[in-house]
There are 2 protein chains.
Amino acid sequence: MARRFAERGEIVPVLAEIFREHGFAGASLSEITRRTGLGKSSLYHFFPGGKDEMGQAVLDDVARWFERNVFQPLRDSEEPAAGIDHMFKASVRFFNSGRRICLVGSFALDDTRDRFAHVIHGYFAAWVGALEAALRRSGFDGRRAKEVAQDVVAGIQGALVFARSQDDPRLFTRALKRLQRLTEP
Amino acid sequence: MARRFAERGEIVPVLAEIFREHGFAGASLSEITRRTGLGKSSLYHFFPGGKDEMGQAVLDDVARWFERNVFQPLRDSEEPAAGIDHMFKASVRFFNSGRRICLVGSFALDDTRDRFAHVIHGYFAAWVGALEAALRRSGFDGRRAKEVAQDVVAGIQGALVFARSQDDPRLFTRALKRLQRLTEP
DNA sequence: CCTTTTCTGTACCATTCGGTACAGAAAGCT
DNA sequence: AGCTTTCTGTACCGAATGGTACAGAAAAGG
């Protein structure tokens, strides 16, 4: 029996991609076994809680990535504009220039949200919060900083939906360039 | 045998609500029979093509509603600003002030898109196109009109995702007010 | 080396899935 | 009235669903 994964962490990105393509409800265990190359027994060894635990693990993984690669730079960079620029670059990279959707956003839309309400709420709140703080540091007044932060985060989500609807990733990257202009004082 | 629906058209809004809540993949026939009160035989009488035909019917219904209540006013109103204002009001109404998601947007995110690619593409293209024309008539130059139209339509989608993630519909209505400002010359 | 822990293949489970066949009831038509 | 079309309840189908039991193989640790 050749082992496929040294640790559970290596499986999670594969799961993430499956959930992105099919949604949480549409991702069947048979598809998951096929794509991971793991039998059900292995899967349930790593995720005793079944699909729900897989969804949780995937969301935690995304949240951790953004915390480290987006939210922290936004909060910690000495020059706020640099942190914001980094955020846009990291977003373009993470969403593969608009070819890859946002898992958290897609979970937020249907009743999947109810299962993972806490993580979903926290992810977007943290994003808006970190961006809002950076904007304030770069000169926006409190109210305007919050509004722009919300508009930018929501704008990214919307750009993903729109670009995918038109099957044209450039619509995403261009929209992000315009959103970035909103963050300049 | 009491009849429940005089015509197929009366079933469609119920189906739409189910698809909104569970997504296309997550909407099971048993849930559909339960909520519509129709047995499978009746369902397959009205929709011989099964779930796919139901999805198609629901998308067509939404597209027709927007064509009549949003796109046409955008194109035909003598005063373009009035058409745009009407669009925002109709959107707030249709999406129930942010409590109801966009079916087309949710279908666009996962692999459901591939089944209905044509309608999904057309819906957003028509929306952006109609808004773009109105913006041009109200003084925006061609390039800027297209950009603003895309940003507004995507922005509405994003606001729906964000408001739902925070379980706070006011985030939607406020975001729309700010998006409307983008359309003022 | 031997033992313990970590992982996996196989076989199985009840339930639900989307979908069909068909007879008969209700409504429309003349 | 009778006939036709439109609708619906019941019973059923094979396949797929998420999930479990368990023995045994592979690796880790001493």
Query raised in the report: Can a side chain N or O of B/Ser42 be found less than 4.0 Å away from OP1 or OP2 on D/dT8?
Result: yes

**Report entry** 5′-ward residue of the pair A/Ala25/A/Ser41 relative to DNA chain D
**Finding:** A/Ala25

Query raised in the report: Atom CD of B/Glu10 and atom C1' of D/dT6: how far apart are they, to the nearest Å?
Result: 15 Å

Query - Any A/Asp168 side-chain heavy atom under 4.5 Å of A/Leu171 side chain - result: yes

Query raised in the report: Looking at D/dG19, C/dC22, C/dT8, which one has an atom nearest to any side-chain atom of A/His45?
Result: C/dT8

Requested in this report: May I ask you to check whether B/Phe172 and B/Phe162 place their ring centres under 6.0 Å from each other?
Outcome: no

Query raised in the report: Please give, in whole Å, the distance from C/dT16 P to A/Leu29 CG?
Result: 16 Å

Report task. Measure the distance from NE2 on B/His22 to P on D/dT17 and round it to the nearest whole Å. Result -> 19 Å

Query raised in the report: Within this structure, what is the CD-to-P distance between A/Glu53 and D/dG19, rounded to whole angstrom?
Result: 11 Å

Report summary line: To the nearest angstrom, the CD1-C1' distance between A/Ile18 and D/dT17 comes to 16 Å

Query raised in the report: Is the closest side-chain heavy-atom distance between A/Leu135 and A/Glu132 below 4.5 Å?
Result: no

Report task. Please work out if A/Ala27 contacts a base, only the sugar-phosphate, or nothing of the nucleic acid, heavy-atom cut-off 4.0 Å. Result -> sugar-phosphate

Query raised in the report: A/Ile32 has an atom CD1; how far is it from atom C1' of D/dA16, in whole Å?
Result: 14 Å

Query raised in the report: Quick one: is C/dC17 close enough that its OP1 or OP2 comes under 4.0 Å of any side-chain N or O from B/Ser28?
Result: yes

Report task. Find which nucleotide of DNA chain C each of A/Lys40 and B/Asp52 is nearest to by heavy atoms, and output the residue with the more 5' nucleotide. Result -> A/Lys40

Query - Stacked cation flag B/Arg113 on B/Phe107, 6.0 angstrom / 45 deg - result: no

Query raised in the report: Roughly, in whole Å, what's the span from CG in A/Leu43 to P in D/dG19?
Result: 10 Å

Query raised in the report: Are OP1 or OP2 of C/dC17 and a side-chain N or O of B/Ser30 less than 4.0 angstrom apart?
Result: yes

Query raised in the report: Any Lys/Arg nitrogen of B/Glu184 or B/Arg181 sitting under 4.0 Å from an Asp/Glu carboxylate oxygen of the other?
Result: no

Requested in this report: Consider the side chain of A/Lys51, meaning its heavy atoms from C-beta on, and name the nucleotide among D/dC22, D/dG18, D/dT8 that approaches it most closely.
Outcome: D/dG18

**Report entry** Shortest side-chain distance from B/Tyr44, nucleotide among C/dC7, C/dG19, D/dG19
**Finding:** C/dG19

Requested in this report: To the nearest Å, give me how far apart CZ (B/Arg34) and P (C/dT16) are.
Outcome: 13 Å

